[in-house]
Amino acid sequence: MTLEAVNRAVCALYQQALDAAGTGAKLVAEDVSKPIIRPSGKVELEDGTDARLLASGRERTVTFRLYYFAKDRDRPKLENLAVRDAVGAAFLDGLTVGDTYLGIDEGVSFTVTDGVLVCALDLTLTEPIPEAEADLMEELNLDLEVT
């Protein structure tokens with residue numbers, strides 16, 4: 001599973017939540033240098049880890065931050081509440097990427113900073129690593145008699 005596929009799944013679920021909240025907001029690219037379009041949403045991928053688990057597995061952690069910029073920057077409370085409810089409901093059961101279910105580690109956390117709603121979700125991706133192809137050992141003859 002690629003991080004790009006996980007990002008697409010998170011973005012799709014977030015857009016569904018924005019639609020359910022009735023804000024009319026659309027997601028915008030995270031690397032926009034122009035002024036913020038309101039109402040809109042934005043998804044950012046934060047730092048994470050990538051580690052090997054024993055010999056046959058890999059564990060990656062990722063944090064996604066979902067931002068919501070309310071239409072009225074001076075009175076965002078009601079819009080933020082609607083989006084918060086919709087995001088909470090959308091991500092309540094985790095998300096599915098391809099045929100893999102991903103639970104959200106600690107649920108979705110919410111904060112509001114300068115009128116901007118910020119939702120954070122932490123995911124842990126555990127994947128098996130296929131063993132390397134190797135030649136099989138030839139027949140072993142063992143003589144256990146002591147002479």
Side-chain angles (χ1 to χ4, degrees), residues 1-140:
M1 171 179 351
T2 65
L3 290 178
E4 182 180 346
V6 176
N7 184 64
R8 287 183 193 279
V10 168
C11 288
L13 209 49
Y14 185 33
Q15 185 61 62
Q16 289 175 11
L18 291 174
D19 295 342
T23 63
K26 297 294 177 203
L27 291 180
V28 296
E30 69 177 78
D31 56 354
V32 241
S33 57
K34 298 182 171 110
I36 296 169
I37 299 168
R38 291 178 179 268
S40 67
K42 180 172 139 177
V43 176
E44 285 187 353
L45 176 63
E46 297 284 323
D47 296 336
T49 62
D50 197 339
R52 185 173 194 94
L53 296 175
L54 300 175
S56 62
R58 174 184 191 183
E59 181 179 88
R60 293 185 286 172
T61 61
V62 293
T63 298
F64 284 93
R65 295 211 190 281
L66 316 177
Y67 295 90
Y68 176 69
F69 302 95
K71 185 174 186 173
D72 184 353
R73 74 181 312 157
D74 297 322
R75 299 181 60 88
K77 183 178 180 179
L78 295 179
E79 275 184 77
N80 285 346
L81 289 173
V83 171
R84 179 180 173 158
D85 283 343
V87 167
F91 287 93
L92 184 63
D93 294 324
L95 67 147
T96 303
V97 180
D99 59 352
T100 304
Y101 167 79
L102 296 173
I104 298 170
D105 294 346
E106 300 292 326
V108 182
S109 63
F110 301 94
T111 58
V112 176
T113 305
D114 295 330
V116 176
L117 176 67
V118 182
C119 316
L121 50 122
D122 297 317
L123 301 172
T124 301
L125 317 169
T126 306
E127 304 172 74
I129 297 175
E131 292 186 26
E133 293 288 325
D135 292 333
L136 296 176
M137 186 168 69
E138 301 215 5
E139 187 175 318
L140 176 65

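These numbers were taken from a predicted model, which means no experiment stands behind them. No hydrogens, no waters, no symmetry mates; every other heavy atom, side chains included, goes into these values.
- Between Lys77 atom NZ and Asn80 atom CG the span is 10.5 Å, to the nearest 0.5 Å.
- When side chains are defined from C-beta on, Leu3 counts as touching Leu125, because their heavy atoms get closer than 4.5 Å.
- The two residues Tyr101 and Asp93 make their nearest non-hydrogen contact at CE1-O, 2.8 Å.
- Here the CZ-OG1 distance, from Arg60 to Thr49, works out to 10.0 Å after rounding to the nearest 0.5 Å.
- When all heavy atoms of Leu95 and Val6 are compared, the pair lying nearest together is CD1-O, 4.4 Å.
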side-chain contact (heavy atoms from CB on, under 4.5 Å) between Leu66 and Val118, worked out: CA-CA 6 Å; Leu66 316 177; Val118 182; over 6 Å; no

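- Looking at Lys26 and Asp19, their side chains come closer than 4.5 Å, going by heavy atoms from C-beta outward.
- Checking side-chain atoms of Asp122 against main-chain N and O of Thr61 turns up no donor-acceptor pair under 3.5 Å.
- At distances below 3.5 Å, not a single donor-acceptor pair connects side-chain atoms of Tyr14 with backbone N or O atoms of Ala90.
- Evaluation of the side-chain contact (heavy atoms from CB on, under 4.5 Å) rule for Pro39 yields Ala25, Tyr68, Lys71, Glu79 as partners, not counting sequence neighbours.
- Dense packing is recorded around CG of Leu81, with more than 12 heavy atoms of other residues, nucleotides or ligands lying under 6.0 Å away.
- Counting only distance, with no hydrogens or angles, the side chain of Glu127 and the backbone of Met1 share a donor-acceptor pair below 3.5 Å.
- Minimum heavy-atom separation, Val97 to Ala9: CG2-CB, 3.8 Å.
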Evaluation steps, side-chain contact (heavy atoms from CB on, under 4.5 Å), between Glu44 and Glu46: CA-CA 6 Å; Glu44 285 187 353; Glu46 297 284 323; 3.7 Å; yes

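- Residues Ala86 and Ala17 approach most closely at CB-O, 3.2 Å, considering heavy atoms.
- Scanning for side-chain contact (heavy atoms from CB on, under 4.5 Å) contacts around Ile36 gives Arg38, Ser40, Phe69, with sequence neighbours left out.
- Residues Leu102 and Thr124 share a closest heavy-atom pair of CD2-O, 4.2 Å.
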Pair Leu18-Val83, side-chain contact (heavy atoms from CB on, under 4.5 Å): steps then yes or no: CA-CA 6 Å; Leu18 291 174; Val83 171; 4.0 Å; yes

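- The minimum heavy-atom distance linking Leu13 with Gly94 is given by the pair CD2-O, 3.9 Å.
- From Glu106, atom CD reaches atom CG of Leu121 across 12.0 Å, with rounding to the nearest 0.5 Å.
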